[in-house]
Amino acid sequence: MTADSAPIVVIGGGVIGSAIAYFLTLQQPGCEVVVVERDPTYARASSALSASSIRQQFSTDINIQISAYGIGFLRNAGQLLACNGDVPDIGLHEGGYLYLATSAGEATLRENHALQKRHGADVALLSPAQLHERFAWLALQDVALGSLGLSGEGWFDGYLLLTALRKKAQSQGVRYVVDEAVGLNMSGSNGVQHVNAVRLQSGTVLPCRYAVNAGGPWAAAIAGWAGIDLPVVGKRRTVFNLASPAVLPGCPLLIDTSGIWLRPEGQGFICGFAPAADNDADFAPLEPEYAEFEGRIWPTLAERIPGFEALRMRGAWAGYYEMNTFDHNAIVGLHPACDNLVFANGFSGHGLQQCPAVGRGLAELMLTGRYQSLDLSPVSIQRLVDQHPLLEKNVI
């Protein structure tokens with residue numbers, strides 16, 4: 001088998017890996033793609049444990065552009081991912097994001113809003129009086145300004161998106177292998193390495209034209225096989241399932257000034273928070289942080305939403321953010337030290353909403369040598385080499 005005829009091997013069959021595989025075989029029918037996934041139940045996969053939301057309210061051009069494509073894809077997911085008569089319904093609900101800011105954060109919210117509007121995002125700034133008119137159930141004593149996504153933002157079933165992408169990719173010829181990648185066979189010259197094959201735990205060796213690192217929270221180990229330092233770790237994030245007799249008409253995905261987020265889910269709500277830096281260990285056990293509900297979540301939410309005084313927790317789960325500790329943004333594309341190891345990592349909680357644009361772009365890069373639709377170079381791994389962080393102000 002020659003290098004040009006070898007398959008593209010994707011390490012990681014979550015939503016990022018499956019989106020890349022889908023777009024590769026969509027853009028070039030017959031393209032041979034093998035996806036290596038060690039756990040087809042996705043029990044610990046971020047794709048299955050995410051709160052599965054999408055927003056346009058970012059503070060960088062590239063993140064807004066990525067989400068603009070993402071919402072269009074999600075709106076048409078049923079048609080795009082229909083397979084053998086099965087039309088998936090990912091349950092997209094464009095309920096919007098509502099960011100609340102105190103006077104200290106007002107200028108940043110206005111600056112972000114101006115950028116979002118330049119990109120055509122349907123976002124409105126609301127005064128406290130306007131917020132009260134729309135959301136009478138909110139307590140606004142410390143709020144100076146709100147930013148509400150009127151369309152193009154909301155939430156969906158991330159696990160259904162993952163399974164739909166996987167099924168569609170398989171129908172287009174992608175082969176999923178239940179195994180674990182354990183190493184890379186490398187060669188190199190003139191200081192540039194080349195991946196010849198991906199080694200699996202079973203002893204199988206998969207020759208490859210490209211190897212794609214879609215390893216989620218465990219991506220740094222894959223990069224390490226090529227001698228590349230990748231600043232990606234698993235950061236535990238707990239999602240609480242809440243019940244309350246309070247009725248919150250038109251409740252969006254609320255980002256409180258405290259950083260706690262809340263959104264409707266079924267007959268109740270789900271919410272989460274970012275731990276303090278000194279209590280945010282890498283790869284902490286995936287046990288929900290139950291104590292945070294009584295000590296932090298409930299008091300804060302009851303102050304913001306008076307009807308939540310009777311709030312109760314029905315359960316909780318925890319998953320990993322694949323956190324890019326360099327600048328909390330996606331890391332995609334080729335590293336200058338290796339000519340065929342493609343990175344799709346470090347999404348820092350944005351993987352589900354960013355998988356359509358990243359999958360499409362990386363497929364273009366591998367099949368044509370450059371990005372054709374949206375230039376993803378602002379989130380290139382090159383910025384890590386150059387030590388030029390892409391600073392995103394709207395990190396949840």
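The residues of the chain are indexed from 1 along the displayed sequence.
Between Phe308 and Phe269, the gap from one ring centroid to the other is short of 6.0 Å.
In this structure, the separation between NZ on Lys168 and CD on Gln170 is 12.5 Å, given to the nearest 0.5 Å. Separating the CG atom in Leu184 from the CZ atom in Arg199 is a distance of 7.0 Å, to the nearest 0.5 Å. Between the CG atom of Asp386 and the CD1 atom of Ile381 there is a distance of 11.0 Å, given to the nearest 0.5 Å.
Using modelled atom types and a 3.5 Å distance limit, the side chains of Arg304 and Thr257 yield a donor-acceptor pair. Side chains of Gln354 and Ser67: a donor-acceptor N/O pair is absent below 3.5 angstrom, by distance only. Under 3.5 Å, the side chains of Gln116 and Asn112 contain no donor-acceptor pair of N or O atoms. Inspection of the Ser202 and Asp179 side chains reveals an N or O donor paired with an N or O acceptor under 3.5 Å. Under the 3.5 Å distance criterion, with hydrogens and angles disregarded, a donor-acceptor pair is assigned to the side chains of Tyr99 and Arg55. Side-chain contact, Asp122 with Gln56: no donor N or O sits under 3.5 Å from an acceptor N or O. Residues Asn345 and Asn213 bring a donor and an acceptor atom of their side chains to less than 3.5 Å of each other. Side-chain contact check for Ser187 and Asn196: at least one donor-acceptor pair (N or O, by modelled atom type) lies under 3.5 Å. Side chains of Asn329 and Asn63: a donor on one and an acceptor on the other come within 3.5 Å. Defined by atom type and a distance below 3.5 Å, a donor-acceptor pair is present between the side-chain atoms of Gln372 and Thr368.
In this structure, the side chain of Ser380 does not engage the main chain of Leu376 through any donor-acceptor pair within 3.5 Å. Asn340 places a side-chain N or O within donor-acceptor distance of the main-chain N or O of Arg209, the cut-off being under 3.5 Å. Gln387 places a side-chain N or O within donor-acceptor distance of the main-chain N or O of Leu384, the cut-off being under 3.5 Å. A distance-only check finds no donor-acceptor pair linking the side chain of Glu32 to the backbone of Ala6 [under 3.5 Å]. For the pair Ser18 (side chain) and Gly13 (backbone), a donor-acceptor distance under 3.5 Å is present. Counting only distance, with no hydrogens or angles, the side chain of Gln65 and the backbone of Leu374 share no donor-acceptor pair below 3.5 Å. At least one donor-acceptor pair closer than 3.5 Å links the side chain of Glu364 to the backbone N or O of Ser373. Here the side chain of Asn190 pairs no donor or acceptor atom with the backbone of Val192 at under 3.5 angstrom.
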Practice task
Give the intermediate values and the outcome of side-chain contact (heavy atoms from CB on, under 4.5 Å) for residues Ile11 and Val212.
Solution key: CA-CA 6 Å; Ile11 304 171; Val212 180; over 6 Å; no
Exercise for the section: Kindly determine whether Gln172 and Leu26 satisfy side-chain contact (heavy atoms from CB on, under 4.5 Å), including the steps that lead there. Expected result: CA-CA 7 Å; Gln172 294 173 176; Leu26 177 70; 4.1 Å; yes
Practice task
Could you walk me through whether Gln57 and Ser147 pass the side-chain hydrogen bond (donor to acceptor under 3.5 Å, both in side chains) test, one step at a time?
Solution key: CA-CA 9 Å; Gln57 294 187 67; Ser147 179; 2.6 Å; yes
Practice task
Evaluate salt bridge (Lys or Arg N to Asp or Glu O under 4.0 Å) for Arg370 paired with Asp375, printing each intermediate quantity in order.
Solution key: CA-CA 8 Å; Arg370 64 184 182 89; Asp375 182 5; over 6 Å; no
Practice task
Any chance you could lay out the side-chain contact (heavy atoms from CB on, under 4.5 Å) test for Leu365 and Tyr210, step after step, and finish with the verdict?
Solution key: CA-CA 11 Å; Leu365 182 67; Tyr210 284 98; over 6 Å; no
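Considering all non-hydrogen atoms of both residues, Ser103 and Ala144 come closest at N-CB, 3.6 Å. Across all non-hydrogen atoms, the minimal contact from Ser47 to Val15 is OG-N, 2.9 Å.
Cation-pi geometry between Arg38 and Trp218 is met: under 6.0 angstrom from the ring centre, within 45 degrees of the axis. By the 6.0 Å and 45° rule, Arg166 stacks over the aromatic ring of Tyr176. Because its NZ or CZ atom is both nearer than 6.0 Å to the ring centre of Tyr321 and within 45° of the ring axis, Arg237 counts as a cation-pi partner of that residue. For the pair Arg236 and Tyr320, the cation-pi test (distance below 6.0 Å, angle within 45°) is failed.
Remark: Phe273 engages no residue in a ring pair (Phe, Tyr, Trp, His ring centres under 6.0 Å) (not counting sequence neighbours). Qualifying ring pair (Phe, Tyr, Trp, His ring centres under 6.0 Å) partners for Phe58, counting only residues two or more places apart in sequence or in other chains: His350.
Screening His388, Glu392, Arg383 for a side-chain contact (heavy atoms from CB on, under 4.5 Å) with Asp327, the sole residue that qualifies is Arg383.
Both Trp317 and Trp155 belong to a common hydrophobic cluster when Ile, Leu, Val, Met, Phe, Trp and Tyr are linked at side-chain heavy-atom distances under 4.5 angstrom. Leu24 and Val332 fall within a single hydrophobic cluster, where Ile, Leu, Val, Met, Phe, Trp and Tyr are joined by side-chain heavy atoms under 4.5 Å apart, directly or via other members.
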Under 3.5 Å, which donor-acceptor pairs link side chains of residues 71-86 to any protein atom two or more places apart or in another chain?
from: Arg75; atom 1: NE; to: Glu94; atom 2: OE2; distance (Å): 2.8
from: Arg75; atom 1: NH2; to: Glu94; atom 2: OE1; distance (Å): 2.8
from: Asn76; atom 1: ND2; to: Gly72; atom 2: O; distance (Å): 2.9

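Using a 4.5 Å heavy-atom threshold, the side chains of Met186 and Gln193 count as touching. Leu100 has its side chain within reach of Leu254: a pair of non-hydrogen atoms, C-beta onward, lies under 4.5 Å apart.
Around atom NZ of Lys167, no more than 12 heavy atoms belonging to other residues, nucleotides or ligands sit under 6.0 Å away. Annotation for His119: atom NE2 counts as buried by contact number, over 12 foreign heavy atoms lying within 6.0 Å.
Classified by interplanar angle (parallel below 30°, tilted 30° to 60°, perpendicular above 60°), the ring pair Tyr159/Tyr42 is perpendicular.
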